[in-house]
Amino acid sequence: MFCAASCNCVRNTSPPVVWPGLFCLEEHMSGLRVRFAPSPTGYLHIGGARTALFNYLLARKEGGTFVLRIEDTDVERSTQESVDAILQAMEWLGLSYDEGPLYQSERFGLYKEKVDQLLESGQAYRCYCSQEELDAKREQAMKEGGKPRYDGTCRDRTDQPDLPYVVRFKSPQEGATSFDDRIKGTISFNNDELDDLIIQRTDGTPTYNFVVVIDDAEMGINLVIRGDDHINNTPRQIPIYQALGYQVPEFAHVPMILGSDKKRLSKRHGATSVMAYREMGYLPEAMVNYLVRLGWSFGDEEIFSMADLIEKFSLDNVGRSAGVFNPDKLLWLNEHYIKTGDPARLAVLVAEILEGLDVDISGGPDLTDVVQTLQDRAKTLVEMAEGARFYFEAPQSYDEKAAAKFLTEDKREVLELTVKKLSELSSSSLEEVEIAFKNVMEESGLKFGKIGPSVRVALVGGTVSPSIYEVVAVLGKDEVLARLQKALASLG
RNA sequence: GCGCUCAUCGUCUAGCCUGGUCUAGGACACCGGCCUUUCACGCCGGCGACGGGGGUUCGAAUCCCCCUGGGCGUACCA
């Protein structure tokens, strides 16, 4: 067995087996416990994926534990489809977790207990103010230039009228709350900025800022890595940890991802769903590599495999400023991984796309060979599939312009010669094909430029394809001959 | 409005903590060239930034202050 942190502590088994998520205890097990806690109100988006990735990487690097928790306290907006979509996306990216998924909706009993505990100890209270009253107060405060925070009307109320109520946490009103963020440094808030936040709604369900504390504490999370849109929540959560007698974890707030207009990344900036990129023909390693480099760096290096990252990732190299999502660079990375990827693996992926395109690949050339001719010229798997199409479907017609230029009567002679030379081939290896074409050139006295383009149009239907030699070799003698004959028949 | 936060090429960033080695490095994109049977790949080259103003210092991208600009938050969403 082999330590997944790719250290030198090879367990003495042969062959070595890498077991994701399994580490040699002595060297790598640490008490680090991190988590990813998405709320299932949609697909896994770029930002969430990066947060998950950072958590995953740190856990793997330190030999810690990565926990997945589903934040579905908002019963209205949470759906099972979203949960599935998120799980699927994480799997695609290769982000395995050690514990979970844990559902907050299944822990309401626990939260209720904690609410009661705070109510009893006087650290929380029932608030009977209606939504309308609150809205009015907020508006009023804003108008007077004040802070739109709850004014504490019910804070010291002692009666318990038979009215709907929410439970509010008694936030400290004096002093300051501060914490040392692992990424941003010391952050401090004056407590008079805090108002008494609602921890339990009228319908009895708990709210985010409350459950997140309980869960992180109960699950033993000691480092919370999350988006920096949560920085403002942190000083509200810390007093809750304290009120409940929990130890406050460390925090690491990672900067947000913005769109090209520097606004928070959203649908109008294009695809933001991780899985949408899979559909567009992106490789997961390209997505992981892109995501990690957005906000993190390691000298001048650009290319990182997951194993590299587990070895090299560190919160120390995470930047403090927000980053703009740049699809061009993602594309470049995808191109890179297609170029350097294992053709057999790529073939499996391309086969799926081809199937979706209703292209029947049975009886055609070996897809792995096909992929190899396309690796240097495709930026996405979808592009590759489209480029592979002609290998399996003989051209039904020829591109008009191309035919007018390259499939003319005066090409008959050389095309017939090509057919002759090719048909004499014993195999269609690349070497043999090259020799055949050389012979054609010699006998006809023509340069390749006078022959190749015509052959290309005959074989693929247009003027764009991999090298002619490769195409002929991969397509195979019989199919090439058939297509050439067909083109010959169309001449004139 | 208030609070928090951020600030190096168009974009991602190195450098900043421990001032001089920075006429600021790399990558994407873009432009030009080479290679070439098409399209690509590849290779070579180019364009291009320390937001502004004050300090401190012999010397500041690096330290301090102010300004400006951006982001986030300000929900019975998470």
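Hydrogens, waters and symmetry mates are skipped; everything else that's a heavy atom, side chains included, is used.
Counting non-hydrogen atoms under 4.0 angstrom, A:Glu302 reaches a base of the nucleic acid. Residue contacts shown for A:Lys184 are limited to sugar-phosphate atoms, with no base heavy atom under 4.0 Å away. Nucleic acid contact class of A:Asn190 (heavy atoms, under 4.0 Å, all strands): none. Among the atoms of the strands shown, none is found under 4.0 Å from any heavy atom of A:Thr205.
When distances are taken from the side chain of A:Phe189 to each of B:rC76, B:rG3, B:rU13, the shortest belongs to B:rG3.
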Between N or O atoms, less than 3.5 Å apart, protein on one side and nucleotides 70-74 of chain B on the other: list the pairs.
{"residue": "B:rG71", "atom": "OP1", "partner": "A:Lys263", "partner atom": "NZ", "Å": "2.5"}
{"residue": "B:rC72", "atom": "OP1", "partner": "A:Arg264", "partner atom": "N", "Å": "3.4"}
{"residue": "B:rC72", "atom": "O3'", "partner": "A:Arg264", "partner atom": "NH1", "Å": "3.1"}
{"residue": "B:rG73", "atom": "OP1", "partner": "A:Arg264", "partner atom": "NH1", "Å": "2.9"}
{"residue": "B:rG73", "atom": "O4'", "partner": "A:Asn232", "partner atom": "ND2", "Å": "3.2"}

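A salt bridge links A:Lys312 with A:Glu301: the distance from a Lys NZ or Arg NE/NH1/NH2 to an Asp or Glu carboxylate oxygen falls below 4.0 Å.
Not a single donor-acceptor pair, N or O on each side, falls under 3.5 Å between the base of B:rC76 and the side chain of A:Thr207.
Pairing for B:rC2 goes to B:rG73, judged as Watson-Crick or G-U wobble with the two contacts each under 3.5 Å. Remark: B:rA27 base-pairs with B:rU11; criterion is Watson-Crick or G-U wobble with both hydrogen-bond distances under 3.5 Å.
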(message) Base contacts versus sugar-phosphate-only contacts with protein, heavy atoms under 4.0 Å: please encode nucleotides 31-51 of chain B as B, S and - from 5' to 3'.
(response) ------BBBBSS---------
(request) Report, as a single string ordered 5' to 3', how protein heavy atoms within less than 4.0 Å touch nucleotides 61-69 of chain B: B base, S sugar-phosphate only, - not at all. (result) ---------
